[in-house]
Amino acid sequence: MLFGLLCITFAIARVVPGDPARLAAGPDANEDMVETLRAKYGLDQPVPVQFVRYLRGVLVGDLGQSLRSRNAVADDLLRYFPNTFELVTLSLLLAVALGIPLGMLSAVYKDTWVDHTARIVSVSGVALPAFWLGLMLQLVIALHLGLLPLGGRLPLTASPPEPITHLLLVDALLRGQGDTFVAALRHAVLPVVTLCFPALTSIMRVNRAEMIETLKQDYIQSARAQGFSGLRIVTRYALRNAMIPTLTMIGLRYGWMLGGTVLVETVFDWPGIGLYAVNAAVSSDFQPIMGVTLLIGVNFMLANLLVDFAYGWLDPRIRRPGGA
Amino acid sequence: MTTRVGPPGALAGWLEERRSALGELRRLARIFARSASSLVGLGLVAAFLVVAAAGPWIVPYPEDARGAVHLERKLEPPSAAHWFGTDEVGTDVYTRVILGARVSLQIGLIITLVAALVGVPLGVVAGYAGGALGEVIMRVTDVFLSVPALMLALAVVGALGPGIVNAMIALSLVWWPGYVRLVQGKALALKGEAFVEAARAVGTGRCRIVFAHVLPNCVSPIVVKGSMDMGTAILAAAGLGFIGLGAQPPYPEWGAMISHGRNYLPTWWWYSTFPGVFIYLTVLGFNLLGDGLRDILDPKSRV
């Protein structure tokens, strides 16, 4: 799987129509300089040799060098990824925290106004362009009402905390910088809401459908007959069983969010790997793009692995060897 | 099939022959019409298609799509003359948004068609024939599915260079694996069905089984996915346009317009707002239509 991913990133980098060495050398470079650079990056070697070099590099954590900034891609990724990680994690938490209860409500109050409102919101979530939603939030909430900052991670005047975990919010708390924490949180609200909205609505949709199915089951009827309270039935008996497909959707949506950061980070000027990839893509700087694609792919695979573990935790039947 | 011409009542006879098929069609239409959201979806898609088809004839300033410049009326707010206002060179935003429908339709159709044309045959081979080849196909598909489509498309456009054609190539390249997955699962299930088994037992050739028995049963889910994908592909292409890798201005593509108009927020808000509303309505339409089609064509797979 991982090997396949490496093949793809390498193949993409190979289709660059322009000459990367010439691009790196700049418009004023002469032939000699271009040739020197070509040799330096190994671009004069046959393709299989380049591929082996690339694989060997990745194994030791060398993802190449940005042709534009001359920074090592691995260092850049280490610097930007924590920001993206914070953005995606907060969005996912918010999406789950709101999506599951809303889906439950929608299922319990099926075909009432609660359900109808929730469903209208949920179809909109899929259709609203994330970047446009972000712009409109900026327009109304940041620019007209002045409630929240427009973009970035911190105000220019704030001093970022000494890094411990490299997660800004966590570091601010650990260093006891309350002001910085609040400022960072305020900056995070709009991007998090923008990124979480489509995920929230699809989690809600799946959870609603599954809850409706589960609530029809015999054991729910018998629990009702035994006089368990409605709330207990819904949260203890039904939700747990409706969670498996919902989890699959959460795993899928995590991947979608990682891709969505490309747009959301662009809108909010959020210094993460999405914005980094966009800047690299606009200037045909292919090493950073390969690095980001690889990193996102690996993350997505890990997320799916976690989802598989969670299945077993939720449903003992899956845990048993030979179980479905 | 015989064609009878002339005698009165030919039409009635023709209808009589197809009565059961027509009845079925009417039944499906009734189910479809019972759902308000399906009808809204159909209405939105129909409106979008009309706008895309009639675009050049219904816009008030057709010359504005070809890069006309009217600096004397730049950045005017929405008015009777310019419903959606004007942009920084005085072009009518309404004209460009309407003409953008045609661009979006093209983008959506091409990406969805290419993805289906590549993905469906591969899916049939992987699901029905199986074997080592099927295994390889599914492995490659899984690898493609392991990276978010938009990210992969970004990487491909980054390599090919920005532009609307490259954006469509990139999105088509990352779009097909979904169809492989869908068709492979379906073909695998059909392989074990009694009627396919029976066809094999009486010595029907592989090709014939695939075309006569397997593919027709895959059509419904493909149509449903296709309808949804029209919306999603338009959304993805607009995303690429927004980050500057898709269509380049002054080409009337919605995502690129939003991106360009972004520089004029908040004072000249209409520039970015209206293209976004149109993307939203279009994608919403295709999604609701897809949902409605699934209800009538493929009720078992409802989510």
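In what follows, every chain begins at residue 1, and chains take the letters A, B, ... in the order their sequences are listed.
- Looking at A/Leu135 and B/Arg262, their side chains come closer than 4.5 Å, going by heavy atoms from C-beta outward.
- Side-chain atoms of B/Leu150 and A/Trp256, non-hydrogen and from C-beta on, never get closer than 4.5 Å to each other.
- Looking at heavy atoms from C-beta onward, B/Val283 lies out of side-chain contact with A/Val126 at the 4.5 angstrom threshold.
- Counting heavy-atom pairs under 4.5 Å between each of B/Ile234, B/Leu145, B/Ile258 and chain A puts B/Ile258 at the top.
- Residue B/Thr273 holds its OG1 atom at 6.0 Å from CG of A/Leu139, rounded to the nearest 0.5 Å.
- Heavy atoms closer than 4.5 Å to chain A are found nowhere in B/Thr282, neither backbone nor side chain.
- If you tally non-hydrogen atom pairs under 4.5 Å between each of B/Ala238, B/Gly261, B/Gly244, B/Gly285 and chain A, the highest count goes to B/Ala238.
- Among the candidates B/Thr232, B/Leu240, B/Leu173, B/Asp142, the residue making the largest number of heavy-atom pairs closer than 4.5 Å to chain A is B/Asp142.
- When all heavy atoms are compared, the tightest approach of A/Ala281 to B/Leu245 is CB-CD1, 3.7 Å.
- A/Ala277 approaches B/Met151 most closely through the heavy-atom pair CB-CE, 4.0 Å.
- Of all the heavy atoms in B/Val147 and A/Gly297, the pair that sits closest is CG2-CA, 4.3 Å.
- When each of A/Gly4, A/Ala127, A/Pro245, A/Gly255 is scored by its heavy-atom pairs under 4.5 Å with chain B, the top score falls to A/Ala127.
- Taking CG of A/Leu143 as the start and CH2 of B/Trp269 as the end, the distance is 14.5 Å to the nearest 0.5 Å.
- Side-chain atoms of B/Ser146 and A/Leu5, non-hydrogen and from C-beta on, do get closer than 4.5 Å to each other.
- A/Ser124 places a side-chain heavy atom less than 4.5 Å from the side chain of B/Tyr280.
- Taking 4.5 Å as the limit, some side-chain heavy atom of A/Thr293 sits within range of a side-chain heavy atom of B/Leu152.
- Heavy-atom distances place the side chain of A/Ile8, and not its backbone, under 4.5 Å from chain B.
- When each of B/Pro162, B/Ser272, B/Gly231 is scored by its heavy-atom pairs under 4.5 Å with chain A, the top score falls to B/Ser272.
- Only the side chain of B/Asn287 comes within contact range of chain A, with heavy atoms under 4.5 Å apart.
- For the pair B/Val277 and A/Trp132, the minimum side-chain heavy-atom distance is below 4.5 Å.
- Residue A/Val140: no heavy atom, backbone or side chain, is found under 4.5 Å from chain B.
- If you measure heavy-atom distances from B/Leu288 to chain A, the contacts under 4.5 Å come from the side chain alone.
- Taking the side chain as every heavy atom from C-beta outward, B/Pro148 and A/Ile296 approach each other to under 4.5 Å.
- When A/Ala142, A/Ala130, A/Cys7, A/Gly259 are compared by the number of non-hydrogen pairs under 4.5 Å with chain B, A/Gly259 comes out ahead.
- Residues B/Gly239 and A/Leu263 approach most closely at O-CD2, 3.5 Å, considering heavy atoms.
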